[in-house]
Amino acid sequence: MKPSGSAVRVGRLLSFLGGHGESGYSLSELARAVGMDKSTCQAMLLALVEQGFVHRDDGHRTYALGPSALAVAAADGDRARLARLARAELESLTADLDLETFATTTFAGNLLVLARVPRSTLFGLSMRVGQTLPLRPPVGAVHLAWAPPAAVDAWLAAAGPTCAPAACTDTASVNVAPVNVAPVNVAPVDPTRAGEPACRHRRVIDVVRERGYSVTADDALRWRLRDVVDQVADAPTDPGPRRERDELLRTLAERDYEVLDPDEAKSWPVGEICAPVFGRDGRVTVALGLVAAQTLDTARRAAMVDRLLFATTRLTALTGGRPPD
């Protein structure tokens with residue numbers, strides 16, 4: 001049975017508005033973003049306005065999510081409470097460190113941005129709330145570091161040829177030193193190193209679990225990925241941005257995305273620092289992150305990590321969670 005075309009189009013409208021909650025959008029902007037003609041889009045919007053799922057600003061003639069949609073979101077009590085508490089911690093982190101902060105969770109095989117606090121209301125360095133990325137290397141290591149082995153294996157499989165844990169114990173054979181930032185157009189990966197990415201990502205999982213947080217290198221490709229994710233959200237029916245997103249993820253998976261030995265580097269361009277919040281079952285429910293986007297010396301990096309871990313420990317306690325045994 002095929003899904004209803006009308007239901008799919010309504011879903012596109014609500015998903016777009018949910019991922020772009022900062023402002024309202026005109027009929028023309030919405031129709032273009034979701035790939036509908038204006039008359040069809042207007043008819044669906046009128047029905048959604050009548051039911052309260054969309055709010056129409058008559059003065060500006062724009063549309064945004066309405067109270068019924070927000071009530072549905074709030075019906076998931078635990079997740080809604082977690083999002084509220086996470087945002088409160090992010091606001092405190094941003095105020096203390098003068099950095100953009102964000103919270104992510106996993107949902108249906110994707111990494112989902114649950115909350116974000118930018119340094120400026122005019123510009124943000126991380127993805128917008130509601131946006132998603134496929135949960136595949138190198139994305140989501142902090143969410144997988146305490147996951148069951150089967151979940152880790154499934155995550156690794158998305159990066160290509162996998163390896164058994166025993167085959168990755170000789171970490172000297174794995175290139176873990178950070179590499180210099182390269183241009184967006186990178187050379188193809190050497191096929192003779194086909195098994196290396198999976199070993200490197202397994203090493204990343206081990207290191208993140210051992211130290212309790214993740215540190216990613218600042219890289220031009222990461223900023224390009226953020227821009228492409230915006231394009232995917234703005235034009236969900238256009239296959240071009242999705243193809244570029246997937247290609248960027250494949251390229252980043254072949255690079256040294258995670259800084260595995262930050263304490264040995266006196267200073268290094270750091271992209272993000274992320275730490276886990278644990279649930280009642282000892283598994284990661286959400287991760288809080290700092291967008292550093294700067295070269296950090298050991299002292300500054302340590303201060304950021306300490307403040308972030310204080311926030312995640314407090315949020316774990318507030319939500320009734322516990323660290324894994």
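Heads up: numbering here begins at 1 and tracks the sequence.
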Worksheet item: Should Asp306 and Arg301 count as an ion pair when the cut-off is N to O under 4.0 Å?
Response: no

Worksheet item: Can you name the closest pair of heavy atoms from Tyr63 and Leu17 and give their distance?
Response: O-CD2, 3.7 Å

Discussion item. Quick check: closest heavy atoms across Leu93 and Ala311, and the distance to 0.1 Å?
Written reply: CD1-CB, 3.9 Å

Fill in: Minimum-distance pair of heavy atoms, taken over all atoms of Ser267 and Thr295
CB-CG2, 3.8 Å

Discussion item. Could you check whether any side-chain heavy atom of Glu89 comes within less than 4.5 Å of a side-chain heavy atom of Leu288, counting everything from C-beta outward?
Written reply: yes

Worksheet item: So, Arg255 side chain and Asp219 main chain: donor-acceptor pair closer than 3.5 Å or not?
Response: no

Discussion item. Assess the residue pair Leu112 and Leu133 against the criterion (side-chain contact (heavy atoms from CB on, under 4.5 Å)); give the C-alpha distance rounded to whole Å, side-chain angles, the decisive distance to 0.1 Å, and a yes or no.
Written reply: CA-CA 7 Å; Leu112 169 70; Leu133 266 178; over 6 Å; no

Discussion item. Tell me whether Glu244 is salt-bridged to Arg224, with the criterion being a basic N under 4.0 Å from an acidic carboxylate O.
Written reply: yes

Fill in: Minimum heavy-atom distance between Arg322 and Asp281, given as atom pair plus value
NH2-O, 3.3 Å

Worksheet entry | Whether over 12 other heavy atoms sit under 6.0 Å from Arg56 CZ | yes

Discussion item. Looking at Phe16, I'd like to know if the NZ or CZ of Arg12 sits under 6.0 Å from its six-membered ring centre while staying within 45 degrees of the ring's axis.
Written reply: no

Using residues 36-49 as the side-chain source, report each donor-acceptor pair under 3.5 Å to any protein atom, sequence neighbours left out, with the distance given to one decimal.
| unit_1 | atom_1 | unit_2 | atom_2 | d |
| --- | --- | --- | --- | --- |
| Asp37 | OD1 | Ser39 | N | 3.2 |
| Asp37 | OD1 | Ser39 | OG | 2.6 |
| Asp37 | OD1 | Thr40 | N | 2.8 |
| Asp37 | OD1 | Thr40 | OG1 | 3.0 |
| Asp37 | OD2 | Thr40 | OG1 | 3.0 |
| Lys38 | NZ | Ser28 | OG | 3.3 |

Worksheet item: To the nearest 0.5 Å, what is the distance between CD (Glu258) and CZ (Arg200)?
Response: 11.5 Å

Fill in: Leu156 to Arg202 - nearest heavy-atom pair and separation
CD1-NH2, 3.3 Å

Practice prompt. Decide side-chain contact (heavy atoms from CB on, under 4.5 Å) for Asp218 and Gln294; before the verdict, give the C-alpha distance in whole Å, the side-chain angles of both, and the deciding distance to 0.1 Å.
Written response: CA-CA 7 Å; Asp218 201 18; Gln294 58 186 286; over 6 Å; no

Worksheet item: Does Arg250 pair with Glu254 as a salt bridge, N-O distance under 4.0 Å?
Response: no

Worksheet item: Shared ILVMFWY cluster between Leu27 and Val10, side chains joined below 4.5 angstrom?
Response: yes

Worksheet item: Phe310, Leu308: one ILVMFWY side-chain cluster at the under-4.5 Å cut-off?
Response: no

Response to the item:
CZ (Phe102) and CG (Leu290) are apart, to the nearest 0.5 Å, by 7.5 Å

Worksheet item: Is there a side-chain contact between Thr251 and Leu221, using heavy atoms and a 4.5 Å cut-off?
Response: yes

Worksheet entry | Minimal non-hydrogen separation, Ile205 against Ala141, with atom names | CD1-O, 3.7 Å

Response to the item:
One should read off an interatomic distance between Asp57 CG and Thr62 OG1, to the nearest 0.5 angstrom, of 4.5 Å

Fill in: Donor-acceptor side-chain pairing of Asp238 and Gln231 below 3.5 angstrom
no

Worksheet item: What residues form a side-chain hydrogen bond (donor to acceptor under 3.5 Å, both in side chains) with Ser92, not counting sequence neighbours?
Response: Arg307

Discussion item. Could you check whether any side-chain N or O of Arg119 sits under 3.5 Å from a backbone N or O of Asp98, counting only pairs where one atom can act as donor and the other as acceptor?
Written reply: yes

Worksheet item: Would Tyr213 and Val305 count as a side-chain contact (heavy atoms from CB on, under 4.5 Å) if you check the C-alpha gap in whole Å, the side-chain angles of each, and the deciding distance to 0.1 Å?
Response: CA-CA 8 Å; Tyr213 60 92; Val305 168; 3.5 Å; yes

Fill in: Linked, directly or transitively: Ile273 and Leu309 (ILVMFWY side chains, under 4.5 Å)
yes

Worksheet item: Is there side-chain contact between Val277 and Thr312, with heavy atoms separated by less than 4.5 Å?
Response: yes

Worksheet entry | Short side-chain donor-acceptor distance under 3.5 Å, Thr94 and Thr101 | yes

Practice prompt. Check whether any side-chain N or O of Trp155 sits under 3.5 Å from a backbone N or O of Val139 as a donor-acceptor pair, and report yes or no.
Written response: yes

Let me check something: any side-chain donor-acceptor pairs from residues 104-111 under 3.5 Å, sequence neighbours excluded? List them with distances.
| unit_1 | atom_1 | unit_2 | atom_2 | d |
| --- | --- | --- | --- | --- |
| Thr104 | OG1 | His143 | NE2 | 2.9 |
| Thr105 | OG1 | Thr285 | O | 2.8 |
| Asn110 | ND2 | Ala108 | O | 3.1 |

Worksheet item: Just wondering, do Trp146 and Val208 contact through their side chains at under 4.5 Å, heavy atoms?
Response: yes

Worksheet item: Can you tell me if Trp268 and Asp297 form a side-chain donor-acceptor pair at under 3.5 Å?
Response: no

Worksheet entry | CG-CZ distance between Leu85 and Arg314, expressed to the nearest 0.5 angstrom | 10.5 Å

Worksheet item: Is it true that a side-chain atom of Glu29 and a backbone atom of Ser26 form a donor plus acceptor pair closer than 3.5 Å?
Response: yes

Worksheet item: If you measure from CG on Asp96 to CD on Glu91, what distance do you get to the nearest 0.5 Å?
Response: 12.0 Å

Item to complete: Inspect the contact between Arg209 and Asp206 and indicate whether a charged nitrogen and a carboxylate oxygen are less than 4.0 angstrom apart.
Response: yes

Response to the item:
Rounding to 0.5 Å, atoms CG (Asp230) and CZ (Arg245) come to a distance of 12.5 Å

Fill in: N-O pairing of Glu100 and Arg226 below 4.0 Å
no

Worksheet item: Under a 4.5 Å side-chain heavy-atom rule over Ile, Leu, Val, Met, Phe, Trp and Tyr, are Leu296 and Leu97 clustered together?
Response: yes

Fill in: Worked check of side-chain contact (heavy atoms from CB on, under 4.5 Å) between Leu65 and His55
CA-CA 6 Å; Leu65 283 183; His55 170 72; over 6 Å; no

Worksheet item: Heavy atoms, side chains only, cut-off 4.5 Å: are Val215 and Val270 in contact?
Response: yes

Item to complete: Answer yes when Arg222 and Glu272 have at least one side-chain N-carboxylate O distance shorter than 4.0 Å, and no when they do not.
Response: yes

